[in-house]
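To find a chain, count down the sequence lines: A is the first, B the second, and so on, and within it residues start at 1.
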Protein chains: 2
Amino acid sequence: MIYMRVTLSDVAREAGVSIVTVSRVINSSYPEKVSNETRLKVLETIERLNYRPNVMARGLQKGRTYLIGVAIVRVADSFFGDILQGIHDGAAAADLGVLLGTRRLDIGKDESALRELQSRGVDGIIYYGTTPNPKTAMKLVAEGLPLVQICNLHDHLNAPYVMVDHFRGAYMATEYLLQLGHRRIAHIGVHGGADPQGLQRLAGYQAALQAYGIEIDERLIVAADWNWESGYLAMQELYRRCKDVTAIFASSDFAAVGAMRACQVAGIEIPHDIALVGFDDLPFSAWLDVPLTTVAQPKEAMGQAAVRSLVGLIEEGSAPNVMFEPQLVIRASCGGNGKTRESRLQDQVSG
Amino acid sequence: MIYMRVTLSDVAREAGVSIVTVSRVINSSYPEKVSNETRLKVLETIERLNYRPNVMARGLQKGRTYLIGVAIVRVADSFFGDILQGIHDGAAAADLGVLLGTRRLDIGKDESALRELQSRGVDGIIYYGTTPNPKTAMKLVAEGLPLVQICNLHDHLNAPYVMVDHFRGAYMATEYLLQLGHRRIAHIGVHGGADPQGLQRLAGYQAALQAYGIEIDERLIVAADWNWESGYLAMQELYRRCKDVTAIFASSDFAAVGAMRACQVAGIEIPHDIALVGFDDLPFSAWLDVPLTTVAQPKEAMGQAAVRSLVGLIEEGSAPNVMFEPQLVIRASCGGNGKTRESRLQDQVSG
DNA sequence: GTGAAAGCGCTAACAT
DNA sequence: ATGTTAGCGCTTTCAC
């Protein structure tokens, strides 16, 4: 069977009125411009024919598609999944559709994803950049396409952003370790030039150390990536470099878990031998054998905020930047007064 | 600045040709119907003006949107994330856009998500149902909207499906435990009537036991949900019921991890005291303290297959059902010859 | 080879 | 209160 949609004119014909009248009934923008009798007749016909307005056709006329595009690295990822969920919920609330424009983690693949979204006529784009120099995004902004940056901030991109204060989050994590008495604190992080947020977290780590009068030891800073494996390898590298480390701030929970495993294998006990703090508060972090102390980002809230900003940009032409406060979630991986998973679960179950 | 797209007629005017000619240049369907000179001139103009075709307008004319809708429960989930990634990649390869139609886990919320997608004029829908009686989906199929079911199979829904053989996967998991010598094998699973796949996994578990001449003990079957907490609670319940269990087949890795934690807290050691098998092979399962033996589904491949099926359905009017084979991934949670995480990682790193 | 005209489903502006 | 006309950006006849 061929799929033929019911259109306005079908309804009009069936109801014995003109197309415009039906349109008026549908669009409440005409409160009392249709007689009650006609309105009822039309509504009945719509119901009977199972009519659904064609959003695309409406969009063509209005110059809007009521679609927003999301340009993120990939969706199969705990972190982006939460962000995307927030975006979706926010969009649903604003009657906007969400169009995926993912590209694989390859740096520089922004181009095609963004152009693709533009070509589909999205009203605006939520952009998670992975390039230090986001050329295509800048071009689109220059062309006037509403775009908001999420999580990552690009200096040269003239678009509002929604993100968490990475510097402050890293500072908080490091300071927490310092206050616990640690002095040899290592950092496993992402420092590729392409990742603004990784650099900000590094800077926060360094600033905290300096604030406590501790000299920065480059040997304690190990590069990793946003995944488990790299955290594992980074931990091995770190241990190769120096054995006197008592604490680690990892700039993502992925890396932290990888490091945890490397410790386990090497017979290093967490938190007894080494204290560990992560970043992001990913869903599994609370369910590890040693629940992870970490810096949480309000991921879903950020997704929703990004939609609100984008709507502002589309409709008012401007939107403020939104900076969320990170929050230190203290669990067991630094020992001390941290809550254990067990007590947390009791809270959860009883609460 | 207002965002005004460059249109065909802009290009035509600039290039001094008609709109149709430009359209012909764009659509390679007219191989040699345009003189080389004109073609070059037009292409140059397109480049200069940075023209991008308006996919929506094209769709309006063609009666297609080149958009497919994805109706899944939620995106912020390791499982759905992978599926969605597969769908996205498959769609990108077929030049299709992916529109999100998520609804929260509430049963019966299918309705609005599906209608919303229909209203946006998607060419077809990939559907993960959560209702035993998917009324809206059935109505859409009856109306002729191409729809393929993913992961879950609804008996009364006349639409092709792409999924893994849940029964067989559960059978394999249980048989593995049986071959390891276990006889008191419990099952933590999802048996709500709304979840076809949970029931199939239960059936596979039961069939394996029966094949080995073991009577089914209802006390060993505990209901859970697709999350950690419920696995944790289910394990506690199970242990309350009987203490002689030597193995557990959990019908999702989420539940398995929850059970693992409950064991840890209760001082039960895995795999020494109890062997554990999960289902789904979620990303974190390999990174647990005791890496989880589990039944893997080819999630991304299934997403891609679903797109191919949907394209077939849209373009040919039919598509075959696709049933993937589950695969038992043996790690450490059942002891014995299972690979440890450590050896796995060596493979990974060296390979 | 190229262009003019019609129309996809809808809404806005202007009648009546 | 209802209808007529025009046009959103594009593709598809059908002429030239």
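- Contact check for B:Val70 versus B:Leu99: no side-chain heavy atoms found under the 4.5 Å cut-off.
- Residues satisfying the salt bridge (charged side-chain N to carboxylate O under 4.0 Å, His left out) criterion with B:Arg64, sequence neighbours excluded, are B:Asp123, B:Glu315.
- Rounded to whole Å, the distance from CZ on A:Arg24 to P on C:dA12 is 10 Å.
- Residues meeting the side-chain hydrogen bond (donor to acceptor under 3.5 Å, both in side chains) test with A:Gln197, sequence neighbours left out: A:Tyr128, A:Arg201.
- Across D:dG3, D:dT11, D:dT2, the shortest atom-to-atom separation from the side chain of A:Ser18 is found for D:dG3.
- A salt bridge does not link A:Glu37 with A:Lys41: every distance from a Lys NZ or Arg NE/NH1/NH2 to an Asp or Glu carboxylate oxygen is 4.0 Å or more.
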For nucleotides 5-7 of chain C, give me every protein contact, N/O to N/O, under 3.5 Å, one pair per line with atom names.
residue : atom : partner : partner atom : Å
C:dG7   : N2   : B:Gln61 : OE1          : 2.7

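- Comment: A:Glu44 engages A:Arg48 in a salt bridge, judged by a side-chain N to carboxylate O separation of less than 4.0 angstrom.
- Rounded to the nearest 0.5 Å, atoms OH (B:Tyr161) and CD1 (B:Ile150) are 13.5 Å apart.
- Regarding B:Arg5, its CZ atom lies at a distance of 9 Å from the C1' atom of D:dG9, rounded to whole Å.
- When the C1' atoms of four end pairs are superposed on the next four at each end of the helix from C:dG1-D:dC16 to C:dT16-D:dA1, using five pairs per end, the two resulting axes differ in direction by 40°, to 10°.
- Not one N or O on the side chain of A:Asp77 forms a donor-acceptor pair closer than 3.5 Å with the backbone of A:Arg74.
- A:Asn36 places its CG atom 12 Å from the C1' atom of D:dA1, with the value rounded to the nearest Å.
- Rounded to whole angstrom, the span from the CG atom of A:Asp10 across to the P atom of C:dC8 amounts to 11 Å.
- The shortest distance between side-chain heavy atoms of B:Arg308 and B:Val311 does not fall below 4.5 Å.
- Here D:dT2 presents its C1' atom at 13 Å from CZ of A:Arg39, a figure rounded to the nearest Å.
- In this structure, B:Ala93 has no side-chain contact (heavy atoms from CB on, under 4.5 Å) partners at least two apart in sequence or on a different chain.
- At whole-Å resolution of the value, CD in B:Glu37 and P in C:dG1 are 12 Å apart.
- Judged by closest nucleotide on DNA chain C, B:Ile19 is the one of B:Ile19 and B:Leu60 placed further toward the 5' end.
- Atom-to-atom, OH of A:Tyr66 to P of C:dC10 comes out at 14 Å; the value is rounded to the nearest Å.
- Near DNA chain C, defined here as any heavy-atom distance below 4.0 Å, there are no residues from residues 48-58 of chain B.
- In this structure, the side chain of B:Arg52 does not engage the main chain of A:Arg120 through any donor-acceptor pair within 3.5 Å.
- Residue A:Thr21 places at least one side-chain N or O under 4.0 Å from the OP1 or OP2 atom of D:dG3.
- A donor-acceptor contact shorter than 3.5 Å links the side chain of A:Asn27 to the backbone of A:Ser23.
- B:Leu8 places its CG atom 13 Å from the C1' atom of D:dC8, with the value rounded to the nearest Å.
- Of all non-hydrogen atoms in A:Ile46 and A:Ile26, the two that sit nearest each other are CD1-CG1, 4.1 Å.
- Note on B:Ser35: a side-chain N or O is less than 4.0 Å away from OP1 or OP2 of C:dT2.
- Residue A:Ser23 has a polar side-chain atom (N or O) positioned under 4.0 Å from OP1 or OP2 of C:dT11.
- Residue B:Val17 has its side chain nearest to C:dG3 when only C:dG3, C:dG9, D:dA1 are considered.
- For D:dT2, the OP1/OP2 oxygens have a side-chain nitrogen or oxygen of A:Thr38 closer than 4.0 Å.
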